[in-house]
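This one's a predicted model, so the numbers in the text were calculated from it and none came from an experiment. Residue indices begin at 1 and follow the sequence shown. These values consider heavy atoms only, across backbone and side chains, with no hydrogens, waters or symmetry-generated copies.
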Amino acid sequence: MEEVAPPGVNINVPHSARIYDYWLGGKDNFAVDRAVGEAMIKAIPGMRYMAGENRKFVHRAARDLVEKEGVRQFLDVGTGIPTRPNLHEIAQRIVPAARVVYVDNDPIVLVHARALMISTDEGRSEYISADIRDPDSILNDKVLRDTLTFDEPVGLTLIAILMLIADEDDPWSKVAALRDAMPSGSLLAITHPTADFAPDEVNTAVAAATGAGMTLVARPRADVERFFGDWEMLEPGLVPVSSWRPEEPVDDPAAAYYWAGVARKP
């Protein structure tokens, strides 16, 4: 059956958001995405588990930022294809007036943006098309400025997105520009794949992705820690994603090859 894509979507080039959607059991992916996704699963049999653990972190972090840190607004950069519950749904269950701005540069995410915009009457959920490689395109967007106020803390979430920027493109400066724009008391949540726990598996998976034309960088703990700058890490610090405030004891935290952490701006 011939695959049909929305305008601007190249079905001959794999895309991280659609591969991730495939791992999570979604249907918004194409043959090229499934091929790369399967090649990465062959390298890392636990890949679907890892994707699920990453989503669980988003839910726990959103809950704690609202309940324990008093955050009432979020900027989620690198949103990906919607997977319910979305961040705003978690936040608005606790505080109906919470506001969220989602950011992505993939046209297929734009197609699904309406699903991201279903907000409570009291709150607000918006989507903007912009690229983390150009922080000003995010920070100066009119929708963002109309939705969020920089007079109070913002929850900035960068979930499994920084791996898509090569070292030579200096992702640390891109994140620093976003951090600098956040008001005092803001919180930054990051997850990032790593080869620290299983070098051979991860390097084989990265090779499968890069061989298909993608940029995918698995970074060591020290390089991930740099993204937080001088912000104060919340407990338990920068840890394997499954062991960041788990709801139940985790048998093997190193089974999901991501670092995860949340930090507060002084």
Chemist: For Q73 and T149, run side chain to side chain donor-acceptor pair (under 3.5 Å): C-alpha distance rounded to whole Å, both residues' side-chain angles, the deciding distance at 0.1 Å, then the answer.
Modeler: CA-CA 8 Å; Q73 52 180 359; T149 173; 5.4 Å; no
Chemist: Where the side chain of E89 meets the backbone of N86, is there a donor-acceptor pair that is under 3.5 Å apart?
Modeler: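 Flag set: sc E89 to bb N86 pair under 3.5 Å.
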Chemist: Any donor-acceptor pair under 3.5 Å linking the side-chain atoms of Y127 with those of D104?
Modeler: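 No - no donor-acceptor pair under 3.5 Å links their side chains.
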Chemist: Of all heavy-atom pairs between Y258 and A160, which one has the smallest distance, and what is that distance?
Modeler: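 Result for this residue pair: CE2-CB, 4.1 Å.
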Chemist: Between T215 and I165, is any pair of side-chain heavy atoms under 4.5 Å apart?
Modeler: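 No. Closest side-chain heavy atoms not under 4.5 Å.
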Chemist: Determine the interplanar angle of the H192 and F227 rings, folded into 0 to 90°, and report it as parallel if under 30°, tilted if 30 to 60°, perpendicular if over 60°.
Modeler: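 It falls in the parallel class, under 30°.
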Chemist: Below 4.5 Å, heavy atoms only, C-beta onward: do F228 and V175 meet side chain to side chain?
Modeler: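 Side-chain contact under 4.5 Å: no.
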Chemist: Give a yes or no on whether the backbone of T147 and the side-chain of R99 come within a donor-acceptor separation of less than 3.5 Å.
Modeler: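 Looks like yes, one N/O pair under 3.5 Å.
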Chemist: Report yes or no: does W172 contribute a side-chain atom to a donor-acceptor pair with the main-chain N or O of D223 at less than 3.5 Å?
Modeler: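 Yes; judged by distance alone, with no hydrogens or angles, the pair exists.
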Chemist: I'd like to check D76 versus V103 (side-chain heavy atoms, cut-off strictly below 4.5 Å). Are they in contact?
Modeler: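 D76 does not reach V103 side chain to side chain.
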Chemist: Might you point out which heavy atoms bring T191 and A260 nearest each other, and give the distance in Å?
Modeler: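 That closest heavy-atom pairing would be CG2-CB, 3.9 Å.
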Chemist: Do any N or O atoms from the side chain of R55 and from the backbone of P85 form a donor-acceptor pair under 3.5 angstrom?
Modeler: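 Such a contact is found between R55 side chain and P85 backbone.
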Chemist: Go through it in stages, so that I can follow the logic: the residues are F197 and W259, the test is ring pair (Phe, Tyr, Trp, His ring centres under 6.0 Å), and I'd like the CA-CA distance, side-chain angles, deciding distance and then a yes or no.
Modeler: CA-CA 10 Å; F197 308 134; W259 289 113; 4.9 Å; yes
Chemist: Work out which heavy atom in S119 is nearest to a heavy atom in G123; give both atom names and the distance.
Modeler: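 What the structure gives for the nearest pair is OG-C, 3.2 Å.
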Chemist: Under 4.5 Å between side-chain heavy atoms, counting indirect links through other Ile/Leu/Val/Met/Phe/Trp/Tyr residues: same cluster for L188 and I90 or not?
Modeler: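 No.
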Chemist: For residues W231 and L187, report the shortest heavy-atom separation together with the two atoms involved.
Modeler: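 Minimum heavy-atom contact is CZ3-C, 3.8 Å.
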Chemist: When you check the gap from the basic side-chain N to the acidic O, do E53 and R60 get nearer than 4.0 Å?
Modeler: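 No.
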Chemist: Does any N or O in the side chain of R124 come within less than 3.5 Å of the main-chain N or O of A97, such that one atom is a donor and the other an acceptor?
Modeler: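 Checking the backbone N and O of A97 against the side chain of R124, no donor-acceptor pair under 3.5 Å is found.
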Chemist: Would R63 and E247 count as a salt bridge (charged side-chain N to carboxylate O under 4.0 Å, His left out) if you check the C-alpha gap in whole Å, the side-chain angles of each, and the deciding distance to 0.1 Å?
Modeler: CA-CA 12 Å; R63 176 201 64 199; E247 295 176 351; 2.9 Å; yes
Chemist: Does T120 reach the main-chain N or O of Q92 with its side chain, forming a donor-acceptor pair under 3.5 Å?
Modeler: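 It does not hold such a pair.
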Chemist: Spell out, yes or no, whether V250 and V241 are grouped together once hydrophobic residues are joined by side-chain heavy atoms under 4.5 Å, including indirect joins.
Modeler: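 Looking at the clustering, V241 is in a separate group from V250.
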Chemist: Would you say that V206 contacts V202 through its side chain, given a criterion of any heavy-atom pair below 4.5 Å between the two side chains?
Modeler: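 They are in side-chain contact.
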Chemist: Do side-chain atoms of S242 reach the backbone of A256 as a donor and acceptor pair under 3.5 angstrom?
Modeler: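 Absent.
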Chemist: Would R48 and E38 pass as an ion pair if we require N to O under 4.0 Å?
Modeler: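 The answer is yes: the pair qualifies as a salt bridge.
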Chemist: Quick one: CG on D106 to OG on S129, what's the gap to the nearest 0.5 Å?
Modeler: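 The OG atom of S129 is 9.0 Å from CG of D106, to the nearest 0.5 Å.
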Chemist: With distance as the sole test, does K265 use its side chain to make a donor-acceptor pair with the main-chain N or O of P183 at under 3.5 Å?
Modeler: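 Absent.
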Chemist: Check whether any side-chain heavy atom of V262 lies under 4.5 Å from a side-chain heavy atom of E235, and answer yes or no.
Modeler: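 V262 does not reach E235 side chain to side chain.
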Chemist: Is any side-chain heavy atom of I94 closer than 4.5 Å to one of V66?
Modeler: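 Answer yes - side chains close enough.
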Chemist: Report yes or no: does T194 contribute a side-chain atom to a donor-acceptor pair with the main-chain N or O of D196 at less than 3.5 Å?
Modeler: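 Answer holds: yes.
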Chemist: Taking C-beta and beyond as the side chain, do I138 and K174 meet within less than 4.5 Å on heavy atoms?
Modeler: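 I138 vs K174: side chains apart.
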Chemist: Hydrophobic clustering (ILVMFWY, side-chain heavy atoms < 4.5 Å, transitive) - are V154 and M233 grouped together?
Modeler: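 Yes, one cluster joins them.
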Chemist: Any sub-3.5 Å donor-acceptor pair from E126's side-chain atoms to V101's backbone N or O?
Modeler: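 Checking the backbone N and O of V101 against the side chain of E126, no donor-acceptor pair under 3.5 Å is found.
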Chemist: Hey, could you give me the NE2/OG1 distance between H112 and T79, rounded to the nearest 0.5 Å?
Modeler: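 Those atoms lie 13.0 Å apart.
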Chemist: Can we say R221 and E225 salt-bridge, meaning some charged N sits less than 4.0 Å from an Asp/Glu carboxylate O?
Modeler: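 Salt bridge between R221 and E225, a charged N being under 4.0 Å from a carboxylate O: yes.
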Chemist: Would L164 end up clustered with M47 when hydrophobic side chains under 4.5 Å apart are linked, directly or stepwise?
Modeler: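 Looking at the clustering, M47 is in the same group as L164.
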Chemist: Hey, any chance Y20 and V13 share a hydrophobic cluster, counting ILVMFWY side chains that come within less than 4.5 Å of each other, even indirectly?
Modeler: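 Y20 and V13: separate clusters.
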Chemist: Look at R245 together with D64 and state whether they make a salt bridge at an N to O cut-off of under 4.0 Å.
Modeler: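 Result for this pair is yes, salt bridge flagged.
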Chemist: Using every non-hydrogen atom in the two residues, find where R219 and P171 come nearest and quote the distance to one decimal.
Modeler: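 Of all heavy-atom pairs spanning R219 and P171, the closest is NH2-CG, 3.5 Å.
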Chemist: Using every non-hydrogen atom in the two residues, find where N105 and P107 come nearest and quote the distance to one decimal.
Modeler: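 Smallest interatomic distance, heavy atoms only, reads O-CD, 3.6 Å.
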Chemist: Assess whether atom CG of D251 is packed by more than 12 heavy atoms of other residues, nucleotides or ligands within 6.0 Å.
Modeler: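 Not buried by this count: 12 neighbours or fewer within 6.0 Å.
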Chemist: Taking it one step at a time, do D146 and K142 satisfy salt bridge (charged side-chain N to carboxylate O under 4.0 Å, His left out)?
Modeler: CA-CA 6 Å; D146 287 346; K142 184 178 186 303; 2.7 Å; yes
Chemist: Hey, could you give me the OG/CG distance between S186 and L156, rounded to the nearest 0.5 Å?
Modeler: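 If I round to the nearest 0.5 Å, the distance is 8.0 Å.
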Chemist: Taking the ring centre of each residue, are H88 and Y102 less than 6.0 Å apart?
Modeler: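 Yes - the distance between ring centres of H88 and Y102 falls below the 6.0 Å cut-off.
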